[in-house]
Amino acid sequence: AMASRLGSRRSMAAQAIVAGLVLALSSEPCLGFLTSPLSARLPGTSVLGRSALSARVPSLRANVGALRMQDYPKPNVENTDNYRIANELSSKFTQVKGKAEKKKVAIIGGGLSGLAAAKYLVDAGHEPLVLEARDILGGKVSAWQDKDGDWIETGLHIFFGAYPNMMNLFAELNIHDRLQWKVHKMIFAMQEFPGEFTSYDFIPGIPAPFNFGLAILLNQKMLSLREKIQCIPALAPMLINGQDFIDEQDEKSTLQFMRQYGMPERINTEVFISMAKALDFIDPDKLSMTVVLTAMNRFLNEDNGLQMAFLDGNQPERLCEPMKQHIEARGGQVRTKAAVQEIVTNDDGSVKHLLMRDGSKIEADEYVSAMPVDVMKRMEPKAWQKMPFFRQMDNLEGIPVINLHLWFDRKLLGVDHLCFSRSPLLSVYADMSITCKEYYDPERSMLELVFAPCSPIAGGKVNWIAKSDEEIIDATMGELERLFPTEVAQDGSKAKLRKYAVVRTPRSVYAAIPGRNKFRPQQRTPIPNFTLAGDWTSQKFLGSMEGAVLAGKLAAEVIVDKTMGVEPKGEKEIQDSVLKKAEQHTPRDPPGLRGDDALVFGGGAVFSSKNKAQLVEIDPEQVKPAAEELASV
């Protein structure tokens, strides 16, 4: 029945494109209300054309201090197949509670994936112990306060309606009220018209996939109707063949796929650059097309899949803390400042115990790694290194990203939403003083921006990770001046920058470059008492918060199935190249982790002389100039 529904959805999607084309052709001149500058549609203003807006700019700026955040009711995210599948898996854990022997499970890593694994294991009646090396939980969603009490976040995190496991988790923890839902649209800064925005508007009451098709087709500022029609031959196979076609595109970059199907070049600059950098902090010539199509396929088939929400405060307190309380209230434990020194194995390769940095030992029945892939590679025991399963990790690595916080001395003309910058250096950004309750400030703006791509692996020509904070901020202010020349000047003559924070994550989510998806290992490993978690492991929601939660959930399912005597699910095929590499590999003692900074454990941090020195020791490539930079000297 579910397969039938999905097939029907694909058929409807194709119909949506045709219907949208007909509507666009018949009513194109009347669609100005959908594409007027966003600043002309702020609360309390009327819809204006560009010429009218120009005349009204002074009054709009005079009233900008009165701009208030406007949250929207929680959309119906429950009436989807993906939500029901996620709910069935959640229910599975509670249904088996007490039906098998309780197991003690040691989980290395207190990010979302490790916490999710612990949450569902404790729901199933087991006893998880989460070991987080840092003094804060969250991993890539961690945050901390500076000397002024302002929160510094590792990244700008957005929750989508099409995050079924995350939405289930919020319901199970009874914290849905902590999500601030925004109006259902995607907002883009217009490079050719500085200071203006355009948007894909999802019309209320129109079901998926029609709402998605119409939102794109009815926008008249980003792509012409002819260019949209040129995209149909490329997208039709996805709509007809579904995930099978999507998976086959992993060997192609987004740019290669676009050119193979004759898509217009402008779709790269207008859409794909923004999408690629938002999905994986990477340019389209480096990003696997499977990632783009997977995201489109998820959002395309759900009425509210693309509706976005902000958390109402910092992630450690508003999301991680409820997970911790849930785990501990049911007999589990969550420890911070608990760094693992070594995974010690028995003669047969199984895990004997975890040797902690303080010299103590942690013994458990089962062990889970929720460490990032780059950290796991440094911790991999010598006894496992010739196993093809673990050699898959050699083909995976984290992508560098920089998250910026800019505090200004005045209120900028902003929007209560996420914005796609379409800038060469900036990915997405938001004025957190408008979008988030905890950071709300009616007088002054605080922009949080994702600076990407920031290294050659992501398609950049400059290794910005190695640059100084001042160089990064100067480049950012230059981009903001180009996008918003009436408000921001690189020389500081307009809105003044009160302070800033530059958060580098040298190894963030796995680099989804072409050909890598097939190397992502499943959660069940050849080691009888060792399981993998983390968004880099094999699951259908890519490197994201949703992917992290799902991977942790799947890791918990592996352990629960073992305790219940359930036969393991089919194994993912290991590539021939990996088999050959495993044969030739010479095992060595694992290098382990040296240092105690967030960067060492795969997190993000503001650079200091101490943590930069630690990064040089464990990952020297991150602080070297790019080849293009050296060539230009």
Side-chain angles (χ1 to χ4, degrees), residues 140 155-156 234 238 246-261 263-296 372-374 392-403 420-428 449-467 472 475 479 504-520 535-536 541-544 547 575 577 619 621-632:
K140 292 180 176 64
L156 175 56
M238 176 193 75
I246 292 171
D247 291 340
E248 291 169 0
Q249 310 313 307
D250 189 48
E251 301 297 328
K252 303 185 186 78
S253 73
T254 302
L255 208 56
Q256 288 172 331
F257 177 92
M258 186 188 84
R259 289 169 177 167
Q260 176 184 338
Y261 281 89
M263 299 175 81
E265 287 292 324
R266 227 164 58 88
I267 196 173
N268 184 47
T269 56
E270 295 294 308
V271 178
F272 281 163
I273 287 179
S274 296
M275 183 177 288
K277 294 202 289 186
L279 287 169
D280 201 56
F281 317 127
I282 199 168
D283 274 343
D285 62 332
K286 292 282 188 178
L287 182 66
S288 163
M289 190 62 190
T290 289
V291 175
V292 175
L293 293 176
T294 296
M296 292 180 67
V373 63
D374 300 282
Q392 293 178 108
M393 297 190 301
D394 298 341
N395 297 281
L396 302 172
E397 62 181 324
I399 197 82
V401 67
I402 297 172
N403 197 54
F420 294 82
S421 74
R422 297 198 293 168
S423 152
L425 290 180
L426 305 177
S427 171
V428 293
L449 312 97
V450 179
F451 191 103
C454 63
S455 78
I457 188 178
K461 295 182 179 180
V462 175
N463 184 9
W464 288 99
I465 291 285
K467 295 289 186 180
I472 293 169
E479 282 299 293
R504 295 168 175 81
T505 305
R507 298 290 182 180
S508 183
V509 296
Y510 79 95
I513 57 180
R516 292 299 180 265
N517 199 46
K518 59 181 174 288
F519 297 115
R520 295 169 68 196
D535 62 6
W536 57 278
F541 283 95
L542 311 172
S544 62
Q575 302 298 306
S577 61
D619 199 354
E621 291 298 318
Q622 292 292 344
V623 291
K624 290 181 179 179
E628 288 84 351
E629 293 178 81
L630 294 174
S632 66

Please report the interatomic distance [atom1]([X]) to [atom2]([Y]), rounded to the nearest 0.5 Å.
X    : Y    : atom1 : atom2 : value
F519 : D394 : CZ    : CG    : 10.0 Å
S544 : L279 : OG    : CG    : 9.5 Å
D285 : I513 : CG    : CD1   : 11.0 Å
T290 : L542 : OG1   : CG    : 9.0 Å
R422 : T269 : CZ    : OG1   : 7.5 Å
N268 : E270 : CG    : CD    : 10.0 Å

_Tell me if a side-chain donor or acceptor on N463 pairs with a main-chain N or O of Q622 at a distance below 3.5 Å._
yes
*Any donor-acceptor pair under 3.5 Å linking the side chain of S427 with the backbone of V450?*
no
Minimum side-chain heavy-atom gap [X]-[Y] below 4.5 Å:
X    : Y    : answer
K140 : P372 : yes
R504 : I472 : yes
F451 : V401 : no
P424 : E479 : yes
I399 : V509 : yes
N403 : T505 : no
K277 : P453 : yes

*Just do the side-chain contact (heavy atoms from CB on, under 4.5 Å) check on V292 and F257 with the steps written out, would you?*
CA-CA 11 Å; V292 175; F257 177 92; over 6 Å; no
*asked:* If you apply the rule salt bridge (Lys or Arg N to Asp or Glu O under 4.0 Å), what do you find for E621 with R507, and how did you get there?
replied: CA-CA 11 Å; E621 291 298 318; R507 298 290 182 180; over 6 Å; no
Of the non-hydrogen atoms in [X] and [Y], which two are nearest, and what is the gap between them?
X    : Y    : answer
D250 : S288 : OD1-OG, 2.6 Å
S253 : P284 : CB-O, 3.7 Å
P456 : V462 : CD-O, 4.4 Å
A276 : D283 : CB-C, 4.1 Å
F281 : P400 : CB-O, 4.4 Å

*Is there a donor-acceptor contact under 3.5 Å linking the side chains of R520 and Y510?*
yes
*Please report the C-alpha distance between I465 and I402 in whole Å, then the side-chain angles of each, then the deciding distance to 0.1 Å, and finally whether the side-chain contact (heavy atoms from CB on, under 4.5 Å) criterion is met.*
CA-CA 7 Å; I465 291 285; I402 297 172; 3.9 Å; yes
*Assess whether side-chain contact (heavy atoms from CB on, under 4.5 Å) is satisfied between M238 and I246, documenting all intermediate values.*
CA-CA 6 Å; M238 176 193 75; I246 292 171; 3.8 Å; yes
*Please say which of K518, Q256, R516 ends up in a side chain to side chain donor-acceptor pair (under 3.5 Å) with E251.*
K518
